[in-house]
Amino acid sequence: MSYAPDGQQQYQPYRPAPEGQYRQPQPPYDGPPPGPPYGQGQGYGQGQGYGQGPGPDQGYGHEYDYGPPQPPEEPRRRSRGKRWLIAGVAVLGLAGIAAGVMYHFEIPPFTDKGSAVSFGQSAGGGGGGGAAKQAPNSKMLMPTGPAADFKNAQTLPDGTHIAVTTLDGKKSGFKGKVWVWAPKEYNDPKFAKSGFPVLIALPGGAGYPNNYWMGTDLGLQSSISKWYAEGKSKPFILAMPVLNPGPDDKGVYWDGSDIPGQPKMGTWLTDDVPDLMKANFRTIKSRDGWAFMGSSTGGFAGMKAVLKHPDRFKAVVASGPDIVPDSSLWKGHDKEKAENNPELLAKDLIDKKGPDVYIAFQVGDSESNKKTLPDVQKFIATYGNKGPVHTSLKVIPGGKHNAKTYVPNMGEGPIQFISKVMEGPVE
């Protein structure tokens, strides 16, 4: 049944054909019938000749006259369905784009940024804010509490979290952000009673208001997991504090030290940050579970911390570091500056005959500061591998003074150097 353009049904009067004959449909208007000849038209099926039987919906003896052929209703319905399908796909596409944008800009509910992260601790940390019971001869230290308020900064593909908290340093008096990360092994039931080593990662540059190791673009966290799987590294927990109390936009920085009259950044890095990690994670009691790593001024601060506090820290990976303190804030404080000079600290440690410390240097041969490599080589020649000061040096061919150079090369020597002398996981 066809429809006229105005949508109304149109029929021709019924006129029977002479007996024994078929009557051709007649056009409603004068002139030849529209469409192809008999045997090729719509009325008797596609490609059927006359006398081969009726076409679709054409019974013998039914001789209706039809108007001009019009599109059947079913194709029209399919066209309407196709339009709905295209519209649906477009809506889904726009929704996907919107979700991607909201995830990129970290807009809930398309991101879990800001969610609480406990790292396996219950509120109160270690049982109501005190240390949980453990064997007196255990090498592992249970979280001492109280639990910090960690918020998720980023979730990695393996399900681990980089979290952040604001630490009010009790010993330094400085208040700043610290980012933390624990490898997936930390929550593995196999290691439920094990303490893990801690690596305090310090950035170069301003180191404020962010510590650039807290991002995933440099791949430090994923690299540690990879190196551990390859047997090159310990499964370190990372502590990533701000390095300075403010920006160095005027060329001012604090050398990771307690400079008189300034925020006590040395105490912040060597006391308050470790205390935060002990309060919230299963760590290692002895210095065998504590190390630093850093690049540029962060490398200097980490090396100086290990040399100054060998009773608390055992090793450091120092990438493209300064060798001596050079902040302008030391002016008028020569005594305190000398007390934070790695060269003098190394000499003093050698004179005291220990304890042993391990410094893994790595320097690019295309560093922007052309003195960096010669200064490191001089330090090694003077103090390295003499008594308790153990050193190694990896020179990176074509290496620049940046973290993207240092991270991948850490896995080719420096991380093994310190991991061999450290412990963890331990019970």
Applying ring-ring contact (aromatic ring centres under 6.0 Å, His included), run through Phe281 and Phe119 and close with a yes or a no. CA-CA 8 Å; Phe281 294 91; Phe119 293 102; 5.0 Å; yes
Exercise: do [X] and [Y] side chains pair donor with acceptor under 3.5 Å:
{"X": "Gln262", "Y": "Trp254", "result": "yes"}
{"X": "Tyr212", "Y": "Ser295", "result": "yes"}
{"X": "Trp181", "Y": "Thr160", "result": "yes"}
{"X": "Lys113", "Y": "Asn152", "result": "no"}
{"X": "Thr165", "Y": "Asp149", "result": "no"}
{"X": "Thr405", "Y": "Asn402", "result": "yes"}
{"X": "His390", "Y": "Asn385", "result": "no"}
{"X": "His401", "Y": "Ser368", "result": "no"}
{"X": "Ser225", "Y": "Lys184", "result": "no"}
{"X": "Gln221", "Y": "Thr216", "result": "no"}

Any heavy-atom pair between the side chains of [Y] and [X] that's under 4.5 Å?
{"X": "Pro143", "Y": "Asn280", "value": "no"}
{"X": "Leu276", "Y": "Val178", "value": "yes"}
{"X": "Arg287", "Y": "Lys314", "value": "yes"}
{"X": "Phe300", "Y": "Asp326", "value": "no"}
{"X": "Asp255", "Y": "Asn340", "value": "no"}
{"X": "Pro425", "Y": "Pro235", "value": "yes"}
{"X": "Ile396", "Y": "Asp365", "value": "no"}
{"X": "Ile237", "Y": "Val180", "value": "no"}

Crowded around [X] [atom1]? As in, over 12 foreign heavy atoms under 6.0 Å?
{"X": "Lys386", "atom1": "NZ", "answer": "yes"}
{"X": "Lys308", "atom1": "NZ", "answer": "yes"}
{"X": "Lys347", "atom1": "NZ", "answer": "no"}
{"X": "Lys331", "atom1": "NZ", "answer": "no"}
{"X": "Lys232", "atom1": "NZ", "answer": "yes"}

Gap between atom CD1 of Ile359 and atom OG1 of Thr391 - 0.5 Å precision: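 Going from the OG1 atom of Thr391 to the CD1 atom of Ile359 covers 7.0 Å.
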Enter the distance from Ile284:CD1 to Asp288:CG here, rounded to the nearest 0.5 Å.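 Spacing of CD1 (Ile284) from CG (Asp288) equals 7.5 Å.
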Cation over ring, Lys234 on Trp227, under 6.0 Å and within 45°?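 No, cation not above the ring by the 6.0 Å, 45° rule.
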Should the pair Arg282 and Phe196 be classed as cation-pi, given the thresholds of under 6.0 Å to the six-membered ring centre and 45° from the axis?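 No, Arg282 and Phe196 do not form such a contact.
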Strictly below 4.0 Å, N to O, side chains only: are Arg312 and Asp271 in salt-bridge contact?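 Yes.
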Would you call the rings of Phe379 and Tyr383 parallel, tilted or perpendicular, where under 30° means parallel and over 60° means perpendicular?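 Ring orientation of Phe379 relative to Tyr383: tilted.
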Under the side-chain contact (heavy atoms from CB on, under 4.5 Å) rule, what do Tyr358 and Met422 come out as? Steps first, then yes or no, please. CA-CA 10 Å; Tyr358 297 80; Met422 298 190 69; over 6 Å; no
Take Glu427 and Lys139, measure what salt bridge (Lys or Arg N to Asp or Glu O under 4.0 Å) needs, and give me the verdict at the end. CA-CA 6 Å; Glu427 294 187 7; Lys139 292 183 177 181; over 6 Å; no
How far apart are the closest heavy atoms of Asn409 and Lys394, and which atoms are they?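 For Asn409 and Lys394, the tightest heavy-atom pair comes out as OD1-CE, 3.4 Å.
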Residue pair Lys171, Asp275: steps toward the salt bridge (Lys or Arg N to Asp or Glu O under 4.0 Å) verdict: CA-CA 10 Å; Lys171 296 177 180 177; Asp275 285 349; 3.2 Å; yes
Test item: Trp268 side-chain N/O and Gly169 main-chain N/O as donor-acceptor pair under 3.5 Å: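 Answer holds: no.
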Taking the side chain from Gln362 and the backbone from Tyr406, do they hold a donor-acceptor pair closer than 3.5 Å?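 Yes, Gln362 side chain to Tyr406 backbone: donor-acceptor pair under 3.5 Å.
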